[in-house]
Structure formats: C-alpha cells, structure tokens
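Not measured: the values here are computed from a predicted model. Whatever order the structure lists ligands and atoms in, that order sets their numbers, starting from 1. Scope of the values below: all heavy atoms of this structure, side chains included, with no hydrogens, waters or symmetry mates.
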Amino acid sequence: MNNKAFYLETFGCQMNVVDSERIVELLGGIGYRQVDEPDQASLILLNTCAVRDKAVRKAYGHLGRFKPLKERNPQMILGMGGCIAQQEGKQLLKEFPYLDLVFGTHNVHRLPELVQQVADTRVRCEETEFLDRETRLQLFPSRTGKEAFTRFVTVMQGCDNFCSYCVVPYVRGREISRPSGEILDEIRELAEQGVREVTLIGQNVNSYGTKEKEISFSALLEQVNAIVGIDRIRFTTSHPKDLSDELIGCFGRLDKLCKHLHLPVQCGSDELLKAMNRGYTRERYLNIVARLRQVCPDIRLSSDIIVGFPGETEDNFAATMSLLEQVRYAEIYSFIYSPRSGTAAADIKDDTPAKVKQERFERMLTLQQEISRQIWEADVGTVQEVLVEGESKMGEGQLFGRSTWNRIVNFSGPAELAGRLVSVRISKSFRNSLLGELLEYC
Ligand code: 5AD
Ligand code: SF4
C-alpha cells in the first residue's frame, strides 16, 4: 500500500464537487496522490450531502463499507466531510468508532493539518466550526490545476432563504459573495489555460453581491461575457424570487450565455409554496417564465420538484402537474419530501401515506418523461452548436460535448476537436443523450 495515497468519494451538489477539487489540490500539496481504489489508499475521505435522507443513508452505507478495510489496516485514516459532517459533528465520532476525522463545510482548508495531526498522534478529531465572514472571504475555493474545457467557478456560498424543508442554510451557513474582481481574474486565467465554458455556481447566485454591495449578478455576467477565450457561460442555482428583469434580459443580450436555466419551482400550488417559504406565487413564477421566453424564445428550463410536502392534498399535487404541463420543462429533478431535523417543515403534521406520495411521484415522472421525450425528439434533424469536451464512452473515434441546452451530444470526429465549438446535425434522440453527425468546424 502506498504511504500517501488518498481515495475520495463525493456526494451531492456542485458546491461539494468544487470542495472536492479543493481537497485534491490541498492533499496534493502535502504529498498525497489520488487513487481509484480504496484498498490502495492510506487516507479515505467521504464528502457528503445531507439534503435528503436518501443521500445521508447512502453516505453512511459507503462509510460502513470501509469498516472492514479499516479493521485490516488500522493505520489507515478514514474521514468524513461535507454537509453530514457539518450537521452531526462530534456525534459521528461517537457513532462510528472506526472514523478518525470529521471536517465541516467551512473547514476544508484545514484538511492538510488535520490529516497530519491524526497521522502523527492517532488521536481522532473533529472540526466543524463556522468561520466569520472575513475568513470565509479569504477562503473561497478557486481554480485547481485540473485540465478541462468546462469549469465551475464559485461566486457565492451559503443561503439565507430558509425554505422550510431545507437543511442547506444550517450546514452551509449564511450567504457570502466573492469579490467580482477576483472572480473575473480567475476566469481570465482559466481562459488562458484553455477553459472554454464556465458555470458560475452558488446556492443562490441571483442574490450575488447584495450584502457586499458588489456589482449585480447580471453585471458580473456581462463582464464574464467580455472575456476573450470564454465561449460559453452557465450559472446555477437560481432562486425565482431573486431573478431580476435585468438578469432575464441577459438571456436576450449576452451571446455567450447558454440558453438553459435551472429555475427550481418546487411545486405548483400557492398554498404549498407559502408553506415552503419560497417567496413567490405560481402566477409570479409563470410570469418570469413568460418573460424569459419573450427575450429568448428557445430557452429551455429545468426544475427541482418536491412531491409529498407535509399536508400536500390531491388538489395541491394537481396544481404541480398542471404547472409541469404549462411550463414544459426540458427536464426535472424530482424528490419525495424528506423531513430534515431542525427545519421548520419537520414540525408540520404530515398525514399523507408514503404509498400515496410514491404513487404521485410516479404519475409525475410519467408526465414529465413524455414532455422531455417530445422536446428532445424535436431536436432530431436540427443542427446544434456543440462544445466538444473529449472522447466519448461510446468508443474510439467517438467524441462528446454539450449543446447550449446542456444536453450531451455524441458524434464521431477527430480527437483534436476537444475544446472547440462545432456544428453537429442531430440524427437520434435517446433518453439521456443525442447522437449526431459532425458537419463543419473552423
Ligand atoms: N426533501 C426533499 N427534497 C429536498 N430538497 C431540498 N430539501 C429537500 C427535502 N427536505 C430538494 C429541493 C432542492 C434540491 C436541491 O433538493 O428540490 O431544490
Ligand atoms: Fe435550500 Fe431554499 Fe436555500 Fe435552495 S434557496 S439552498 S432550497 S433554503
């Protein structure tokens, strides 16, 4: 077994993906190299998600799988970070005697020292303290040496919205935005390194800079749009209540902004939207959608939907179904409500049987699958601009990239096209991807 080799598993959203990139970089800095097999590692880390019970159980399941490895090799260090670590803290060390290290969402930068400390002293440790604004501002994750044509760039972190079902404000802390100058410098550097597409990320990017009196998010997008070498811009996640007219206008104005927006509605019933503390009504949401389509007629939307929120009636659910029919999202990510302790909704009486929730969930999936199928099917025969990301899993000579709508497109072509924008005629639509023929490139 290599002395300084680590194995890392990442669960959850883009924020965790970026934190994991940082972990790789930090551990590289103290001589650790990443391995693909846990049994080759002297350090195993799980970067976890606490947003739903399923994600939590999955993380615990994976942790349990490493127990025999730890028993065979007591010198190995086993650590847990991310949102479960933040929420459970020391309790994890009590519950899992084979766990050595727990680090929170604000403590990733401390990992090298913590690992070293555990290695030297063999004393198990936990660090999940939230940091003050000043320190957090110093510690925004920034680019790593990873080679890719598409990159996430963190613009803000945390959430102040306290949707009644959501644990994120508790495990990620208050909103904090990164100075625009720093973001733009990072993107310029990325462009120089060959990155062609950036996705600006944060729990709620639409409220970027409000507290810091920074430029608005749309002004930031405008400046990113002007960076030479960047061909495409995306951003996520957007809260509908903070989507300004100015930002809507960007979809008509900024040539590099992709025509796709993830705009989670959560449900279609005003009664439930209120109980969820979402801060908008169905009408207001539909009005935003109409304005987006006015400025950018071929924009495609995606959404998150929660089924079975406490007290959801058949009528409430019907309102969500009719909203799906009205908006016609290209895609949705749907979840059955999962009570999270400490959140406001956890105290609301929930008398809908699990079977009814499951049945509603399936009805919704059936409806959405048909809508998505129709939208993607209509792509067949069209010519789409694709940013080539590299060789596809489909075999030699096959490339893959994404359309402006963030759909994977596979086609055959020479490997040197990676990183370039090409035109592809779509010949077939599958459930998760499109197949096409390369037309031309310049
Ligand atoms: N139960 C089910 N889904 C949830 N989400 C957040 N919290 C919960 C919960 N307690 C979903 C929301 C959010 C997405 C990231 O996860 O739809 O937009
Ligand atoms: Fe959670 Fe709502 Fe914040 Fe999104 S906006 S992270 S759903 S509290």
Side-chain angles (χ1 to χ4, degrees), residues 10-19 48-59 82-84 86-87 105 154-177 201-208 210-211 217 235-243 261-269 272-280 284-285 288 301-312 316-317 320 323-324 327 329 331-348 350 352 354 357-358 360-361 364-365 368:
T10 308
F11 303 85
C13 68
Q14 295 93 337
M15 305 307 282
N16 270 10
V17 171
V18 168
D19 282 346
T48 60
C49 168
V51 82
R52 285 172 296 274
D53 187 52
K54 208 169 159 185
V56 175
R57 274 186 284 134
K58 194 167 165 190
C83 295
I84 300 179
Q86 186 61 50
Q87 195 165 40
T105 55
T154 311
V155 299
M156 56 86 65
Q157 285 180 329
C159 182
D160 292 352
N161 287 319
F162 290 93
C163 298
S164 64
Y165 50 82
C166 186
V167 80
V168 167
Y170 305 94
V171 291
R172 287 273 168 185
R174 295 290 69 73
E175 280 179 12
I176 179 170
S177 297
I201 63 163
Q203 257 90 28
N204 178 19
V205 291
N206 298 161
S207 65
Y208 169 79
T210 340
K211 282 184 187 168
F217 187 59
F235 60 87
T236 198
T237 300
S238 283
H239 195 306
K241 82 173 165 52
D242 301 315
L243 197 74
L261 179 63
H262 185 60
L263 193 64
V265 69
Q266 309 299 354
C267 77
S269 136
L272 289 193
L273 284 170
K274 193 152 188 245
M276 289 178 173
N277 191 30
R278 289 292 289 174
Y280 53 85
R284 205 177 133 212
Y285 184 90
I288 293 171
L301 303 172
S302 57
S303 184
D304 293 339
I305 305 280
I306 297 178
V307 177
F309 186 80
E312 182 187 73
N316 297 148
F317 176 68
T320 301
L323 184 112
L324 296 188
V327 176
Y329 294 104
E331 226 166 347
I332 63 167
Y333 304 90
S334 46
F335 314 102
I336 292 181
Y337 169 74
S338 166
R340 309 314 297 136
S341 92
T343 61
D347 298 330
I348 309 177
D350 187 1
T352 314
K357 293 189 183 192
Q358 184 63 34
R360 286 181 188 160
F361 182 73
M364 193 182 63
L365 281 189
Q368 182 57 42

[X] side chain to [Y] side chain, donor-acceptor N/O pair below 3.5 angstrom:
X: Glu312; Y: Tyr337; answer: no
X: Ser238; Y: Asn206; answer: yes
X: Asp53; Y: Ser338; answer: no
X: Ser207; Y: Glu175; answer: yes

Open item on the list: For the CZ atom of Arg57 and the CD1 atom of Ile84, what is their distance to the nearest 0.5 Å?
Closed with: 11.5 Å
Where is the nearest protein heavy atom to [atom]: which residue, which atom, and how far?
atom: atom 7 (S) of ligand 2; value: Tyr165 OH, 3.3 Å
atom: atom 7 (N) of ligand 1; value: Tyr165 CD1, 3.3 Å
atom: atom 3 (Fe) of ligand 2; value: Cys159 SG, 2.2 Å
atom: atom 18 (O) of ligand 1; value: Asp304 OD2, 2.6 Å
atom: atom 8 (S) of ligand 2; value: Cys163 N, 3.4 Å
atom: atom 6 (C) of ligand 1; value: Val51 CG2, 3.4 Å
atom: atom 1 (Fe) of ligand 2; value: Cys166 SG, 2.3 Å
atom: atom 10 (N) of ligand 1; value: Ser338 O, 2.7 Å
atom: atom 11 (C) of ligand 1; value: Arg52 NH1, 3.2 Å
atom: atom 4 (Fe) of ligand 2; value: Arg278 NH1, 4.5 Å

Open item on the list: If we set the cut-off at 4.0 Å for heavy atoms, which region of Pro169 has an atom near ligand 2: side chain, backbone, both, or neither?
Closed with: side chain
Open item on the list: So for Arg172, does at least one of its heavy atoms come nearer than 4.0 angstrom to any atom of ligand 2?
Closed with: no
Proximal ligand 1 atoms for [X], defined as those under 4.0 Å from one of its heavy atoms:
X: Ile336; value: 2 (C)
X: Arg340; value: 10 (N)
X: Gln266; value: 12 (C), 13 (C), 17 (O), 18 (O)

TODO: Check the pair Phe361, Phe335 against ring-ring contact (aromatic ring centres under 6.0 Å, His included), reporting the backbone distance first and the verdict last.
DONE: CA-CA 8 Å; Phe361 182 73; Phe335 314 102; 8.3 Å; no
Open item on the list: Run the salt bridge (charged side-chain N to carboxylate O under 4.0 Å, His left out) test against Arg52 and tell me which residues pass, sequence neighbours left out.
Closed with: none
